[in-house]
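What follows is one structure encoded as structure tokens, with my remarks underneath.
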Amino acid sequence: MIAFVSGQVAALAPDAAVIEVGGVGLAVQCAPGTLAGLRIGSPARLATSLVVREDSLTLYGFADDDERQVFELLQTVSGVGPRLAQTMLAVHAPDALRAAVAAGDEKALTAVPGIGKKGAQRLLLELKDRLGAPVGTGAVPPAAAAGPAPWNEQLHAALLGLGYAAREADEAVAAVTPQAEAADRPDVGALLRSALQSLNRTR
């Protein structure tokens, strides 16, 4: 298993980063909040999980070990694959998921694209007593403090990477603009969660 990758960021896409390790570029699938903390040409260290399929090897990357462990645990639930598990972590930080499961909060889980009422009930049933209590590690995707792309461009690209149409992404960015403008240093991870919640309400 590849536990982590460490190296220079060679390229960024809406749903992945290429990390140069020993002269080899490794494509790592990442949630938008994690990508927001990366910069091309800067060093990065990502906790990783390798998902093996008959026709593919896919490396998923995370801001820290806690995110990776929750990602792997989520996939033990029937019907949850790596893409859905990563989307769940894009919407909720690990501690937020722990809190939602501990409280039996179906609404929080159905805020994740791809999870309906029955899926939320299954998650609550199968994860009960397994995720544990919130640990207070502050495992939140890093803020996009001073990068070349403004917060709205990063957020728009993140929503497209999660499969939303350009029109939906535009509407979600507009919905969270007041929140972003009220902050000195907009946190793309937090804005993404708010944007996804606004999209969920309009569906």
Side-chain angles (χ1 to χ4, degrees), residues 1 3-4 15 28-37 45-51 58-144 155 158-159 161-164 172 175-176 179-180 182-183 186-203:
M1 175 181 173
F4 71 90
D15 61 352
V28 185
Q29 299 291 312
C30 299
T34 301
L35 291 170
R45 183 185 188 280
L46 296 174
T48 55
S49 178
L50 181 63
V51 175
T58 307
L59 200 58
Y60 290 84
F62 309 92
D64 55 37
D65 291 337
D66 188 35
E67 278 192 4
R68 180 189 65 207
Q69 290 165 5
V70 172
F71 169 80
E72 292 174 347
L73 184 57
L74 290 173
Q75 291 176 77
T76 65
V77 176
S78 56
V80 177
R83 295 295 293 183
L84 181 56
Q86 190 172 60
T87 300
M88 291 177 69
L89 286 166
V91 178
H92 298 297
D95 264 4
L97 282 174
R98 292 187 180 100
V101 171
D105 189 350
E106 285 184 21
K107 187 175 180 180
L109 296 179
T110 56
V112 178
I115 296 181
K117 184 177 178 64
K118 288 185 178 179
Q121 292 172 342
R122 185 169 60 248
L123 283 161
L124 291 174
L125 179 66
E126 295 190 30
L127 291 176
K128 185 180 180 182
D129 301 325
R130 295 179 62 202
L131 271 182
V135 295
T137 58
V140 177
L155 180 58
L159 290 165
L162 287 173
Y164 285 97
V176 301
Q179 177 185 340
D187 183 332
V188 175
L191 292 173
L192 176 64
R193 294 188 180 96
S194 296
L196 288 168
Q197 288 167 4
S198 74
L199 285 166
N200 190 59
R201 284 194 297 270
T202 59
R203 289 188 163 187

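Given the structure is predicted, the values throughout are model-derived calculations rather than measurements.
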query = Does Asp15 reach the side chain of Arg83, with side-chain heavy atoms less than 4.5 Å apart?
reply = yes
inquiry  = On a heavy-atom basis, which atom in Gly79 and which in Leu84 lie closest, and how many Å separate them?
reply    = O-CD2, 4.1 Å
Over all atoms of both residues, closest heavy-atom pair of Ser78 and Glu126 = OG-OE2, 2.9 Å
task = Could you verify whether a donor N or O on one side chain and an acceptor N or O on the other, from Thr58 and Gln29, lie under 3.5 Å apart?
result = no
inquiry  = Out of the candidates Leu123, Val70, Leu73, only one should pair with Leu97 under the side chain to side chain contact (heavy atoms under 4.5 Å, CB included) rule; please name it.
reply    = Val70
inquiry  = Checking Leu124 now: which residues fulfil side chain to side chain contact (heavy atoms under 4.5 Å, CB included) with it, not counting sequence neighbours?
reply    = Val101, Glu106, Leu109
query = Would you call Arg98-Asp66 a salt bridge at under 4.0 Å N-O?
reply = yes
ask   = How about Ile115 and Thr87: do any of their side-chain heavy atoms sit closer than 4.5 Å?
value = no
query = Under a 4.5 Å cut-off applied to non-hydrogen side-chain atoms, are Leu192 and Val91 in contact?
reply = no
inquiry  = I need the full list of ring pair (Phe, Tyr, Trp, His ring centres under 6.0 Å) pairs touching residues 71-99, with sequence neighbours left out, sorted by first then second residue.
reply    = Tyr60-Phe71, Phe62-Phe71
task = State, to 0.1 Å, how close Thr48 and Gly61 come at their nearest heavy-atom pair, and which atoms those are.
result = CG2-CA, 4.2 Å
request  = Using atom types as modelled and distance alone, determine if a side-chain donor or acceptor of Arg68 lies under 3.5 Å from a backbone N or O of Ala3.
outcome  = yes
